[in-house]
Peer 1: 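Shown below is the structure under consideration.
Keep in mind it's a predicted model, so treat the numbers as computed, not measured. Below, all heavy atoms of this structure are taken into account, side chains as well, without hydrogens, waters or symmetry copies.
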Amino acid sequence: MGVGRRSCWRQLQAWCFRLLWFIPAAFPVRVVETQRATDNITIRQGDTAIIRCYVDEKVSKVAWLNRSNIIFAGQDKWSLDPRVDLVMKGQLEYSLRIQKVDVYDEGSYTCSIQTKQQPKTSQVYLIVQVPANIYMVSEDVIVNEGSNVTLSCLASGRPDPIITWRLLNPSAEPLGGEEYLDVIGITRNQAGRYECKASNDVAMPDVKYVNVVVNYTPTIKKTQSSETPVGRMGMLQCEAVAMPTPEFEWYRDENRLSSNQGINIQILGMTTNLMFANVTEDDYGNYTCVASNRLGAQSASLYLYRPGTGWDISGSACVCESLWLLLASLTCLFFKC
């Protein structure tokens, strides 16, 4: 419908509405106990709103209007909206019901009443609230330790939702209440599942999650040397932490070891074991464990020694940064030697 046609239609509505007050009442004489002009009704999107108006026998005509548009004149429905109807209890109530309320229903509604003395109106403002909804959140992130990370979480709702972040580690402490969460110089301890929550008290909060993986160079966390007699089974153990999971290698002097008839190399996640099936005199000495990934490497010295030699190793060996071992391990990592 063009602008001119809409203007004519509104003028026709207004003319017809004024004409109604002069036509003999076909509607039972009723009311006037209406809501105060300052009344507000707050309703959640999708619910049913009832805007109440009460009448008595002094009233000759009543009508409902919304933004100058007639919705009902008496019991005659002027609106084409199937969600809208009247709630009438006996001769005393003339209320407007709107089902499945949406945001475009928000606004001022007027109950207009014609009495013998003068017309009266009661205005009610309908406020439509919308539950919080997160419509965009960051995808899962993989970064290197020390990088800056920004996570985003955008939400809509009426009233505007409040956004809060948490890192779901054991403490799960709040991190802030912003759409964008900045983590400067992220550490391995800040890796994990981040929770974004949007809430505006209209309904249950909306929650989304972002997984953050932080890559970092290997650190040898624990080593175990072995005091083993000749003829017995011996084991050296090396445990590291890293992301991605480290590759492990074992060396004696500058020679890289591999599983053979006398030794067996086990790798179980972040731990590696160098197993000796039957220790001989030639097996005693210093061994090196190297843990490496694409970000770097670290090595540690361990000892297989004869009982009673009194070596001061106290269960954890020296962690060293032998240049040739680091270069050798990284070269093997990249070229899969």
Peer 1: Can you tell me if Asp253 uses its side chain to pair, donor with acceptor, with the backbone of Asn255 under 3.5 Å?
Peer 2: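 Such a contact is absent between Asp253 side chain and Asn255 backbone.
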
Peer 1: Pick one: which of Asn273, Thr288, Thr272 meets side-chain hydrogen bond (donor to acceptor under 3.5 Å, both in side chains) with Trp250?
Peer 2: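 It is Thr272, the one option of Asn273, Thr288, Thr272 that forms the side-chain hydrogen bond (donor to acceptor under 3.5 Å, both in side chains) with Trp250.
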
Peer 1: Please report the C-alpha distance between Thr164 and Lys197 in whole Å, then the side-chain angles of each, then the deciding distance to 0.1 Å, and finally whether the side-chain contact (heavy atoms from CB on, under 4.5 Å) criterion is met.
Peer 2: CA-CA 5 Å; Thr164 56; Lys197 179 187 291 184; 3.8 Å; yes

Peer 1: Find out whether Met270 and Thr245 are in side-chain contact, i.e. whether some heavy atom of one side chain is under 4.5 Å from a heavy atom of the other.
Peer 2: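 In contact.
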
Peer 1: Is it true that, when you exclude Leu257 itself, more than 12 heavy atoms of the residues, nucleotides or ligands shown sit nearer than 6.0 Å to its CG?
Peer 2: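 More than 12 heavy atoms, drawn from other residues, nucleotides or ligands, come within 6.0 Å of this atom.
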
Peer 1: Does a side chain donor of either Ser138 or Ser152 reach within less than 3.5 Å of an acceptor in the other side chain?
Peer 2: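 A pair is found: one side chain offers a donor N or O, the other an acceptor, under 3.5 Å apart.
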
Peer 1: With Arg158, which of Glu106, Gln129, Gln45 fulfils side-chain hydrogen bond (donor to acceptor under 3.5 Å, both in side chains)?
Peer 2: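 For Arg158, the side-chain hydrogen bond (donor to acceptor under 3.5 Å, both in side chains) test succeeds with only one of Glu106, Gln129, Gln45, which is Glu106.
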
Peer 1: Between Val130 and Ser156, is any pair of side-chain heavy atoms under 4.5 Å apart?
Peer 2: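 The answer is no; the side chains never approach within 4.5 Å.
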
Peer 1: Is the shortest heavy-atom distance from the side chain of Lys208 to the side chain of Val210 under 4.5 Å?
Peer 2: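 No. Closest side-chain heavy atoms not under 4.5 Å.
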
Peer 1: On the 0 to 90° scale, with breaks at 30° and 60°, tag the Trp64-Tyr94 ring pair as parallel, tilted or perpendicular.
Peer 2: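 Geometry flag for Tyr94 against Trp64: parallel rings.
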
Peer 1: Using every non-hydrogen atom in the two residues, find where Ala198 and Ile163 come nearest and quote the distance to one decimal.
Peer 2: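 For Ala198 and Ile163, the tightest heavy-atom pair comes out as CB-CG1, 4.3 Å.
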
Peer 1: Short question: side chain of Tyr284, backbone of Val230 - any donor-acceptor pair under 3.5 Å?
Peer 2: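 Yes, Tyr284 side chain to Val230 backbone: donor-acceptor pair under 3.5 Å.
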
Peer 1: With a sphere of 6.0 Å drawn around CD1 of Ile162, does it hold more than 12 non-hydrogen atoms of other residues, nucleotides or ligands?
Peer 2: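 Counting neighbours around CD1 of Ile162, 12 or fewer heavy atoms of other residues, nucleotides or ligands fall under 6.0 Å, so no.
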
Peer 1: What is the distance from atom NZ of Lys120 to atom CD of Gln114, rounded to the nearest 0.5 Å?
Peer 2: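 Result: 11.0 Å between the selected atoms.
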
Peer 1: How many angstroms lie between CD1 in Ile50 and CD in Gln99, if you round to the nearest 0.5 Å?
Peer 2: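 Between atom CD1 of Ile50 and atom CD of Gln99 there are 9.0 Å.
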
Peer 1: Is Met243 linked to Ile142 within one hydrophobic cluster, defined over Ile, Leu, Val, Met, Phe, Trp and Tyr using a side-chain heavy-atom separation of less than 4.5 Å?
Peer 2: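 Shared cluster, yes.
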
Peer 1: Within a radius of less than 6.0 Å around CD of Glu178, do more than 12 heavy atoms belonging to other residues, nucleotides or ligands occur?
Peer 2: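 Atom CD in Glu178 is not crowded, with 12 or fewer foreign heavy atoms closer than 6.0 Å.
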
Peer 1: Can you tell me if Asn293 uses its side chain to pair, donor with acceptor, with the backbone of Pro244 under 3.5 Å?
Peer 2: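 Answer holds: yes.
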
Peer 1: For Asp182, does the CG atom have more than 12 heavy-atom neighbours from other residues, nucleotides or ligands under 6.0 Å away?
Peer 2: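 Yes.
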
Peer 1: So, does Asn260 use its side chain to make a donor-acceptor pair with the main chain of Ile263 at under 3.5 Å?
Peer 2: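 Yes, Asn260 side chain to Ile263 backbone: donor-acceptor pair under 3.5 Å.
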
Peer 1: Roughly how far, to the nearest 0.5 Å, is the CG atom of Asn148 from the CD1 atom of Ile184?
Peer 2: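 One finds 4.0 Å between CD1 of Ile184 and CG of Asn148.
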
Peer 1: Flag yes if Met275 and Tyr287 sit in one hydrophobic cluster, no otherwise; membership is Ile, Leu, Val, Met, Phe, Trp, Tyr, and two members link when side-chain heavy atoms are under 4.5 Å apart.
Peer 2: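 Met275 does not cluster with Tyr287.
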
Peer 1: Taking Arg83 first and then Asp102, would you say they form a salt bridge - that is, a charged N and a carboxylate O separated by under 4.0 Å?
Peer 2: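 Result for this pair is no, no salt bridge flagged.
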
Peer 1: Measuring from atom CD of Glu195 to atom CH2 of Trp165, what distance do you get when rounded to the nearest 0.5 angstrom?
Peer 2: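 One finds 9.5 Å between CD of Glu195 and CH2 of Trp165.
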
Peer 1: Look at the side chain of Asn211 and the backbone N and O of Asp140, then say whether any donor-acceptor pair between them is shorter than 3.5 Å.
Peer 2: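 No, Asn211 side chain to Asp140 backbone: no donor-acceptor pair under 3.5 Å.
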
Peer 1: Is any side-chain heavy atom of Gln224 less than 4.5 Å from a side-chain heavy atom of Thr271?
Peer 2: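 Of all side-chain heavy-atom pairs linking Thr271 with Gln224, none is under 4.5 Å.
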
Peer 1: Under the disulfide (SG to SG under 2.5 Å) rule, what pairs show up with a residue in residues 185-228, not counting sequence neighbours?
Peer 2: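 Residue pairs passing disulfide (SG to SG under 2.5 Å), neighbours aside: Cys153-Cys196.
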
Peer 1: Indicate, with yes or no, if Val183 and Tyr216 share a hydrophobic cluster defined by side-chain heavy-atom contacts under 4.5 Å among Ile, Leu, Val, Met, Phe, Trp and Tyr.
Peer 2: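 Different hydrophobic clusters.
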
Peer 1: Taking all non-hydrogen atoms of both residues into account, name the closest pair between Leu302 and Asn286 and its distance.
Peer 2: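 So the minimum-distance heavy-atom pair works out to O-OD1, 3.1 Å.
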
Peer 1: Got a donor-acceptor contact below 3.5 angstrom from the Glu145 side chain to the Arg188 backbone?
Peer 2: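 The answer is yes, because a donor-acceptor pair under 3.5 Å joins these two groups.
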
Peer 1: Does the side chain of Ile265 reach to within under 4.5 Å of the side chain of Phe248, using non-hydrogen atoms?
Peer 2: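 They are not in side-chain contact.
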
Peer 1: Write down the atom of Ser299, the atom of Ile220, and the distance for their closest heavy-atom approach.
Peer 2: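 Distance-wise, the nearest heavy atoms are C-CD1, 3.5 Å.
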
Peer 1: Considering non-hydrogen atoms only, spot the tightest contact between Arg166 and Pro174 and give its length.
Peer 2: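 Looking at all heavy atoms of both residues, the shortest contact is CG-CA, 4.0 Å.
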
Peer 1: Is the shortest side-chain heavy-atom distance between Gln190 and Val212 below 4.5 Å?
Peer 2: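 They are not in contact (no side-chain heavy atoms under 4.5 Å apart), so the answer is no.
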
Peer 1: Please report the closest heavy-atom contact between Pro218 and Ala242, naming both atoms and the distance.
Peer 2: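 Nearest pair, atom of Pro218 first, then Ala242: CA-CB, 3.5 Å.
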
Peer 1: Can you hop from Val128 to Val202 via hydrophobic side chains spaced under 4.5 Å?
Peer 2: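 No, because Val128 and Val202 fall into different hydrophobic clusters, even though each may have its own neighbours under 4.5 Å.
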
Peer 1: Does the side chain of Val214 reach to within under 4.5 Å of the side chain of Val143, using non-hydrogen atoms?
Peer 2: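 Heavy-atom side-chain distance check passes, below 4.5 Å.
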
Peer 1: Start with the C-alpha distance between Asp39 and Arg52, add both sets of side-chain angles, then the distance that settles side-chain contact (heavy atoms from CB on, under 4.5 Å), and finish with yes or no.
Peer 2: CA-CA 11 Å; Asp39 279 353; Arg52 299 194 180 277; over 6 Å; no

Peer 1: Between atom CE of Met204 and atom CG of Asp206, what is the distance when rounded to the nearest 0.5 Å?
Peer 2: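 Output value for this atom pair is 10.5 Å.
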
Peer 1: Would you compute the distance between atom OG1 of Thr42 and atom OH of Tyr125 and round it to the nearest 0.5 angstrom?
Peer 2: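 Between Thr42 OG1 and Tyr125 OH, I get 10.5 Å after rounding to 0.5 Å.
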
Peer 1: May I have the step-by-step check of side-chain contact (heavy atoms from CB on, under 4.5 Å) for Met233 and Met235, ending in yes or no?
Peer 2: CA-CA 7 Å; Met233 186 178 74; Met235 183 181 74; over 6 Å; no

Peer 1: Considering all heavy atoms of both residues, which atom of Asn264 and which atom of Ser259 are nearest to each other, and what is their separation?
Peer 2: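 Here Asn264 and Ser259 meet closest at OD1-OG, 3.3 Å.
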
Peer 1: Does Leu86 belong to the same Ile/Leu/Val/Met/Phe/Trp/Tyr cluster as Val101, with side-chain heavy atoms less than 4.5 Å apart forming each link?
Peer 2: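 Yes: a chain of side-chain contacts under 4.5 Å links Leu86 to Val101.
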
Peer 1: Tell me who clusters with Val207, hydrophobic residues only, linked when side chains sit under 4.5 Å apart either directly or through other members.
Peer 2: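 In the cluster with Val207 are Leu168, Tyr209.
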
Peer 1: Please report the C-alpha distance between Phe72 and Val84 in whole Å, then the side-chain angles of each, then the deciding distance to 0.1 Å, and finally whether the side-chain contact (heavy atoms from CB on, under 4.5 Å) criterion is met.
Peer 2: CA-CA 10 Å; Phe72 276 95; Val84 180; 4.0 Å; yes

Peer 1: Less than 4.5 Å apart, side chain to side chain, heavy atoms only: is that true for Leu236 and Phe276?
Peer 2: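 Yes, their side chains come closer than 4.5 Å.
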
Peer 1: For atom CD of Glu281, decide whether the heavy atoms of other residues, nucleotides or ligands shown that lie under 6.0 angstrom number more than 12.
Peer 2: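 More than 12 within 6.0 Å, yes.
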
Peer 1: With Arg97 as reference, evaluate Asp85, Asp105, Asp47 under the salt bridge (charged side-chain N to carboxylate O under 4.0 Å, His left out) test and give the passing residue.
Peer 2: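 So, applying the salt bridge (charged side-chain N to carboxylate O under 4.0 Å, His left out) to Arg97 and each of Asp85, Asp105, Asp47, only Asp85 qualifies.
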
